Asker: 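Dropping a structure here in structure tokens format, bear with me for questions.
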Amino acid sequence: MSELLKKLAEDLYNGDAESVAALTQKALDDGLTPAEELENGLIAGMNAVGKDFRDGILFVPEVLIAARAMHAGMSVLKPLLAESEIPATGRLVIGTVKGDLHDIGKNLVAMMMEGAGFEVHDLGVDVPAKEFVAAVKTKQPDVVGLSALLTTTMVEMKGVIEALRQAGLRNQIKVIVGGAPVTQKYAAEIGADGYAANASTAVEKAKDLLGIA
Ligand code: B1M
């Protein structure tokens, strides 16, 4: 891995938002692709944060500062990830489920879907089932994307699918779920149409489900 990406990951870990934004831009200027920067710089740094958070070396305030640095890097990449020369291929409503405040992965999925030509309606974080139902009625999406990062909140996904069914909307949309604790097996159990492990496979899955090449 290049020294620049290593430094990017380190500065993200340390929560230096200004440097993360500058290095993300520098790496682009040096010819690195947004995907390389994401995987080996920003996400690598955030994975190190996650590990030390789990092990009690970092605490919520430090993680929040690292998340702010992640957002700073992502905002540099956003125009590139969301750049689309092709017309919209579908409409997506996306959100992080009720009780869950993690938005970095969900934002990445939203950016990459936009980049693939989807019209994206992002409902944000901590979104109750009834808000997903209301958005399906007003925005008429083809796909609903649900994100959850906690084992305690992933169960909310089932509630959203059930609420969509009760509102008579389930058959008119495809539901894709994702987030660190979510698996293909869990997606099948709760009756989602698809599971994606990361943002680029989310795009592939959505296109697949809609029959778009
Ligand atoms: Co939280 N947190 N957190 N946290 N946090 C995790 C998730 C945790 C694994 C950390 C750990 O212990 N190692 C752990 C969950 C344990 C569990 O449930 N099994 C945890 C915990 C416990 C908590 C709190 C409960 C801590 C506390 O308060 N004691 C608390 C809960 C708050 C709440 O939500 N109610 C909490 C709080 C926070 C912060 C607010 C401090 C901050 C979030 C800031 C923000 O998002 N704006 C935070 C962070 C940053 C993390 C870690 C470190 C990083 C998450 C992240 O952004 N990763 C995380 C540890 C980890 O995951 N390694 C952790 C980078 C991002 C690009 O990856 O989000 O996985 P990810 O998204 C990926 C894929 O999952 C997938 O694609 C994305 C791109 O590849 N994906 C989808 C995601 N959504 C998708 C949707 C799709 C398809 C794919 O289709 C629709």
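Keep in mind the model is a prediction, meaning the values are calculated, not measured. Start at 1 and go down the list; that is how both ligands and their atoms are numbered. In this chain, numbering begins with 1 at the start of the sequence shown.
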Asker: Atom 11 (C) of ligand 1: which protein heavy atom is closest, and how many Å away?
Answerer: Arg54 CB, 3.8 Å
Asker: Would you say that Leu4 contacts Leu23 through its side chain, given a criterion of any heavy-atom pair below 4.5 Å between the two side chains?
Answerer: yes
Asker: Would His71 count as a contact of ligand 1 if the rule is a heavy atom under 4.0 Å away?
Answerer: yes
Asker: Look up atom 52 (C) of ligand 1 and tell me if a protein heavy atom lies less than 4.0 Å from it?
Answerer: no
Asker: Residues two or more places apart in sequence or in another chain: which of them pass salt bridge (Lys or Arg N to Asp or Glu O under 4.0 Å) with Asp55?
Answerer: none
Asker: Going by a strict under-4.0 Å cutoff (protein heavy atoms only), does atom 59 (C) of ligand 1 have a neighbour on the protein?
Answerer: no
Asker: Could you work out, for atom 45 (C) of ligand 1, the closest of Thr153, Val109, Asp103 by heavy-atom distance?
Answerer: Asp103
Asker: How far is atom 56 (C) of ligand 1 from the closest protein heavy atom, and which atom is that?
Answerer: Met46 CG, 3.8 Å
Asker: Heavy atoms only: give me the nearest Pro181-Ala148 pair and the separation to one decimal.
Answerer: CD-O, 3.3 Å
Asker: Do Asn107 and Lys78 have side-chain heavy atoms sitting under 4.5 Å apart?
Answerer: no
Asker: Has Ala180 got any heavy atom lying under 4.0 angstrom from an atom of ligand 1?
Answerer: yes
Asker: Please give me the minimum heavy-atom distance between Ala110 and Val120, naming the atom from each residue.
Answerer: O-CG2, 3.7 Å
Asker: Give the atom numbers and elements of ligand 1 that come within less than 4.0 Å of a heavy atom of Ala67.
Answerer: 44 (C)
Asker: Which residue supplies the protein heavy atom nearest to atom 84 (N) of ligand 1, what is that atom called, and how far is it?
Answerer: Ser147 OG, 2.7 Å
Asker: Quick one: does any side-chain atom of Glu156 pair with a main-chain N or O of Thr153 as donor and acceptor, under 3.5 Å?
Answerer: no
Asker: Indicate yes or no for a side-chain donor-acceptor contact from Asp16 to the backbone of Ser19 under 3.5 Å, with no hydrogens or angles considered.
Answerer: yes
Asker: With atoms numbered from 1 as shown, which atoms in ligand 1 lie under 4.0 angstrom from a non-hydrogen atom of Gly145?
Answerer: 91 (C)
Asker: Just going by heavy-atom distances, which of Ser200, Ala192, Ala199, Gly179 is nearest to atom 81 (N) of ligand 1?
Answerer: Gly179
Asker: Under 4.5 Å between side-chain heavy atoms, hopping through other hydrophobics if needed: is there a path connecting Phe132 to Ile173?
Answerer: yes
Asker: Could you tell me which residues satisfy salt bridge (Lys or Arg N to Asp or Glu O under 4.0 Å) with Arg165, sequence neighbours excluded, listed by chain and number?
Answerer: Glu162
Asker: Is atom 26 (C) of ligand 1 near the protein, in the sense that some protein heavy atom lies at less than 4.0 Å from it?
Answerer: yes
Asker: Who gets closest to atom 73 (C) of ligand 1 by heavy atom: Gly105, Ala196, Gly56?
Answerer: Gly105
Asker: Counting only heavy atoms, tell me which of Asp100, Val177, Thr151 gets closest to atom 18 (O) of ligand 1.
Answerer: Thr151
Asker: Locate the shortest heavy-atom distance separating Asp100 from Leu150; write the atom from each residue and the value.
Answerer: OD2-N, 3.4 Å
Asker: Taking both backbone and side-chain atoms of Gly99, is any N or O found less than 3.5 Å from an N or O belonging to ligand 1?
Answerer: yes
Asker: Could you name all protein N, O or S atoms found under 2.8 Å from atom 1 (Co) of ligand 1?
Answerer: His102 NE2
Asker: Is the closest protein non-hydrogen atom to atom 87 (C) of ligand 1 under 4.0 Å?
Answerer: yes
Asker: With side-chain hydrogen bond (donor to acceptor under 3.5 Å, both in side chains) as the test, would you mind laying out the steps for Thr33 and Glu36 before giving the verdict?
Answerer: CA-CA 5 Å; Thr33 64; Glu36 281 171 313; 3.2 Å; yes
Asker: Looking at Arg91 and Val143, would you say the former's side chain and the latter's main chain have a donor-acceptor pair under 3.5 Å?
Answerer: no
Asker: More than 12 foreign heavy atoms under 6.0 Å from CG of Asn171: is that the case here?
Answerer: no
Asker: For residues 189-196, dump all side-chain donor-acceptor pairs below 3.5 Å to protein atoms at least two apart in sequence or in another chain.
Answerer:
{"unit_1": "Glu189", "atom_1": "OE2", "unit_2": "Lys185", "atom_2": "NZ", "d": "3.2"}
{"unit_1": "Asp193", "atom_1": "OD1", "unit_2": "Arg170", "atom_2": "NH2", "d": "3.4"}
{"unit_1": "Asp193", "atom_1": "OD2", "unit_2": "Arg170", "atom_2": "NH1", "d": "3.1"}
{"unit_1": "Asp193", "atom_1": "OD2", "unit_2": "Arg170", "atom_2": "NH2", "d": "2.9"}
{"unit_1": "Asp193", "atom_1": "OD2", "unit_2": "Val175", "atom_2": "N", "d": "2.6"}
{"unit_1": "Tyr195", "atom_1": "OH", "unit_2": "Val182", "atom_2": "O", "d": "3.3"}

Asker: Taking only heavy atoms of Leu108, which atoms of ligand 1 are found under 4.0 Å from at least one of them?
Answerer: 67 (C), 79 (C)
Asker: For atom 80 (O) of ligand 1, which protein heavy atom lies nearest, and how many Å away is it?
Answerer: Asn198 CB, 3.3 Å
Asker: For ligand 1, is any non-hydrogen atom under 4.0 Å from Ala197's backbone (N, CA, C, O), its side chain (CB onward), both, or neither?
Answerer: backbone
Asker: Determine whether the side chain, the backbone, both or neither of Leu146 has a heavy atom under 4.0 Å from any heavy atom of ligand 1.
Answerer: backbone
Asker: Do we see a donor-acceptor contact under 3.5 Å between the side chains of Asp29 and Gln25?
Answerer: yes
Asker: Please determine whether residues Leu80 and Met111 belong to a single hydrophobic cluster, defined as Ile, Leu, Val, Met, Phe, Trp and Tyr linked transitively by side-chain heavy-atom distances below 4.5 Å.
Answerer: yes
Asker: In the protein, what heavy atom is nearest to atom 40 (C) of ligand 1, and what distance, to one decimal place, separates them?
Answerer: Leu64 CD2, 3.8 Å
Asker: For the atom pair CD1 (Ile65) and CG (Leu12), what is the distance rounded to the nearest 0.5 Å?
Answerer: 12.0 Å
Asker: Only heavy atoms of Gly178, strictly under 4.0 Å: list the atoms of ligand 1 that pass.
Answerer: 82 (C), 84 (N), 85 (C), 86 (C), 87 (C), 88 (C), 89 (C), 90 (O)
